[in-house]
Amino acid sequence: MLLQSDFSDDQAYSALSARDARFDGRFFVGVTSTGIYCRPVCRVRLPKRGNCRFFDHPASAEDSGFRPCLRCRPELAPRSPHRNLNRSLAQAAATALEADSEIDIAALSARIGVSARHLGRLFKAEFGVSPVAYAQTYRLLMAKRLLTDCALPIARIATIAGFGSARRLNALFQSRYQLTPSALRRADRQTSPAGDAAGEPITLRIPVRTPYASDAMLRFLSPRCMRGVEWVDNGTYIRTVACESNGAIHRGWVSATPPDLDDERPCITLRISPALFPVTQTLLARAAQLFDTACDPRAVADVLGALAQACPGRRLPGAWNGFELAVRAILGQQVSVTAANVIAGRVAERFGDLIATPWPALTHTFPSAAALARATIDDLGACGVIRARGAAIIDLARAIESGALVLDETADVEHTCARLQAIKGIGPWTAQYIAMRALHWPDAFPLGDVAIRKAMGETSDKAVAARAEAWRPWRGYAVIHLWASLA
């Protein structure tokens with residue numbers, strides 16, 4: 001599909017001519033004279049206007065016959081910000097495919113509540129390609145990323161990227177990119193092997209838009225780390241992970257270091273332990289959500305005005321795992337942050353899995369919804385969870401396990417908040433907090449929050465709600481700024 005953004009092709013060419021980084025990831029340019037598509041920040045010679053075609057997505061560019069540029073590497077473009085704050089079904093499905101391109105299309109259709117045929121129509125209207133083509137583009141770009149950034153064998157990369165075999169990867173590379181995976185490695189002289197088959201972690205980069213307030217992000221995450229599961233050490237967020245894929249549970253650790261403000265190309269640096277290589281694509285998506293890499297900070301600042309001036313580039317922290325975040329939110333009701341972390345750590349120790357990591361502080365993975373769905377109130381009580389919250393956690397876990405509730409970016413916000421509040425013990429504040437972080441909904445607003453009233457100098461929720469209207473659709477970002485103003 002050609003460019004469907006809020007700016008015209010001529011405006012896109014103007015941004016391309018200026019190499020304007022604010023548009024990186026917002027569109028891609030296909031050059032008819034070369035058959036290659038690039039990011040708007042690519043440093044090659046500026047193509048003639050008549051040779052340029054503009055696309056919203058790599059999938060659209062590849063569907064039109066263009067190959068990705070080996071210099072600017074479109075697979076490293078920052079994620080697109082929310083294109084439509086109403087979150088269409090097609091966009092929700094695309095988010096799921098970007099996190100796991102191996103997901104079955106029939107299962108994905110059922111998850112978002114439409115038929116596979118209708119999902120195909122929605123994708124064609126929204127992106128100009130089918131769901132299968134969209135997923136294949138992301139599999140190929142993931143393989144290209146791994147071939148360039150790590151030294152894993154090609155056969156291993158084929159498996160990680162979702163191809164059944166190295167032969168299948170080779171065939172698709174040749175048909176789509178007109179070169180083989182091994183030729184790509186030879187052609188790319190900038191490759192810095194970051195992992196191998198001998199049990200070393202791999203290191204991948206997740207680009208972000210500037211400004212990016214790295215210190216502010218870590219100051220938010222650090223005091224909320226659950227004992228034994230998460231840790232912030234020397235400017236790096238580290239955690240244990242248990243992630244399911246194709247019926248298998250993969251357990252390991254990841255570390256994420258926010259960008260240095262002096263970096264020419266700021267990126268989140270993500271290190272992944274070998275046991276988690278099969279779920280690399282999912283981990284990249286989770287890290288991007290946690291560190292809010294899709295945000296366009298200038299768009300947010302334009303709406304928040306003076307509120308955002310104290311800390312340009314402050315992001316809305318997401319959640320590594322929606323269920324984990326929701327449990328932590330329930331445990332945090334009416335207790336201090338420190339107390340909630342201690343109790344959450346006990347829950348992880350009791351119901352999670354023991355895991356070996358290079359850090360003595362990280363000892364367990366957080367329990368799955370299935371594990372807590374089988375727990376009793378007395379079991380949780382032994383961890384220091386009071387009965388009312390224990391019952392809410394068990395009901396939440398059962399809703400997640402049954403599929404009645406989904407807590408990620410693909411979920412419908414209004415329906416999910418209503419479903420959460422149907423669980424006894426989860427009120428509007430908690431539901432909105434979960435929407436803000438687990439669903440990463442930028443306009444979530446936990447009305448009734450005492451700290452927000454204090455930061456705004458108001459005494460009534462009515463006055464708070466009235467003033468907050470000016471911050472739509474970025475009220476979630478306003479909340480983070482308001483909380484930080486009290487620190």
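Worth saying up front: this structure is predicted, and the values here are computed from it rather than measured.
Without hydrogens or angle criteria, Arg475 side chain to Pro442 main chain gives no donor-acceptor distance under 3.5 Å. Side chain of Glu458 to main chain of Arg467: no donor-acceptor pair is present (N/O by atom type, distance under 3.5 Å, no hydrogens or angles). A donor-acceptor pair under 3.5 Å is absent between the side-chain atoms of Ser60 and the main chain of Phe55, judged by distance alone. Using a distance-only test at 3.5 Å, with no hydrogens or angles considered, a donor-acceptor pair links the side chain of His440 to the main chain of Leu316. A donor-acceptor contact shorter than 3.5 Å links the side chain of Gln289 to the backbone of Arg437. A donor-acceptor pair under 3.5 Å is absent between the side-chain atoms of Glu98 and the main chain of Thr95, judged by distance alone. Counting only distance, with no hydrogens or angles, the side chain of Arg145 and the backbone of Arg205 share a donor-acceptor pair below 3.5 Å. Judged by distance alone, the side chain of Arg139 and the main-chain N or O of Ser101 form a donor-acceptor pair under 3.5 Å. Arg298 places a side-chain N or O within 3.5 Å of a backbone atom of Thr210 that can act as its donor or acceptor partner. Formation of a donor-acceptor pair under 3.5 Å by the Arg209 side chain with backbone atoms of Arg79 is found in this model.
In this structure, the separation between SG on Cys38 and CZ on Arg43 is 12.5 Å, given to the nearest 0.5 Å. Rounding to the nearest 0.5 Å gives a distance of 9.5 Å between CZ of Arg265 and CG of Asp24. Leu380 contributes atom CG, which lies 5.5 Å from atom CD1 of Ile393 (distance to the nearest 0.5 angstrom). Note: Arg398 CZ to Leu405 CG = 14.5 Å, rounded to the nearest 0.5 Å. Considering CD1 of Ile330 and CG of Leu396, their distance stands at 5.0 Å, rounded to 0.5 Å. The line from CH2 of Trp474 to NE2 of His481 is 12.0 Å long, rounded to the nearest 0.5 Å.
Residues Val385 and Gly390 come closest through the heavy atom pair CG1-N, 3.5 Å. Across all non-hydrogen atoms, the minimal contact from Cys69 to Cys72 is SG-N, 3.4 Å.
The closest side-chain donor-acceptor pair between Thr410 and Asp408 falls under 3.5 angstrom. Counting only N and O atoms by type, the side chains of Thr338 and Asn341 include no donor and acceptor under 3.5 Å apart.
Partner Arg26 forms a salt bridge (Lys or Arg N to Asp or Glu O under 4.0 Å) with one of Asp56, Asp20, Asp296 and no other, that one being Asp296.
At a threshold of 4.5 Å between non-hydrogen side-chain atoms, the residues Met142 and Leu284 count as touching. Proximity of Cys267 to Pro259: side-chain heavy atoms (C-beta onward) are nowhere separated by under 4.5 Å. Side-chain contact between Tyr212 and Met217 is present, with at least one heavy-atom pair separated by less than 4.5 Å. A heavy-atom distance below 4.5 Å is not found between the side chains of Trp441 and Gln432. You'll find the side chain of Leu146 reaches within 4.5 Å of the side chain of Ile202, heavy atoms only.
Between Glu324 and Arg286, no side-chain nitrogen of the basic residue sits less than 4.0 Å from a carboxylate oxygen of the acidic one, so the salt-bridge criterion is not met. A salt bridge links Arg350 with Asp379: the closest approach of a Lys/Arg side-chain nitrogen to an acidic carboxylate oxygen falls below 4.0 angstrom.
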Trace of the side chain to side chain contact (heavy atoms under 4.5 Å, CB included) decision for Phe351 with Leu372: CA-CA 7 Å; Phe351 298 98; Leu372 290 183; 3.7 Å; yes

Residues Thr365, Thr240; criterion side chain to side chain donor-acceptor pair (under 3.5 Å); working and verdict: CA-CA 5 Å; Thr365 60; Thr240 62; 5.6 Å; no

Residues 270-278 side chain polar contacts: donor-acceptor under 3.5 Å, at least two apart:
residue : atom : partner : partner atom : Å
Ser273  : OG   : Trp253  : N            : 2.9
Ser273  : OG   : Trp253  : O            : 3.1

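Applying the 6.0 Å contact sphere to CD of Glu469 captures more than 12 heavy atoms from other residues, nucleotides or ligands.
Both the sub-6.0 Å distance and the 45° axial angle are satisfied by Arg224 relative to the ring of Phe220.
A tilted orientation is assigned to the rings of Trp471 and Phe445, their planes being inclined by 30° to 60°. Ring geometry, Trp483 versus Tyr433: the interplanar angle falls from 30° to 60°, so the pair is classed tilted.
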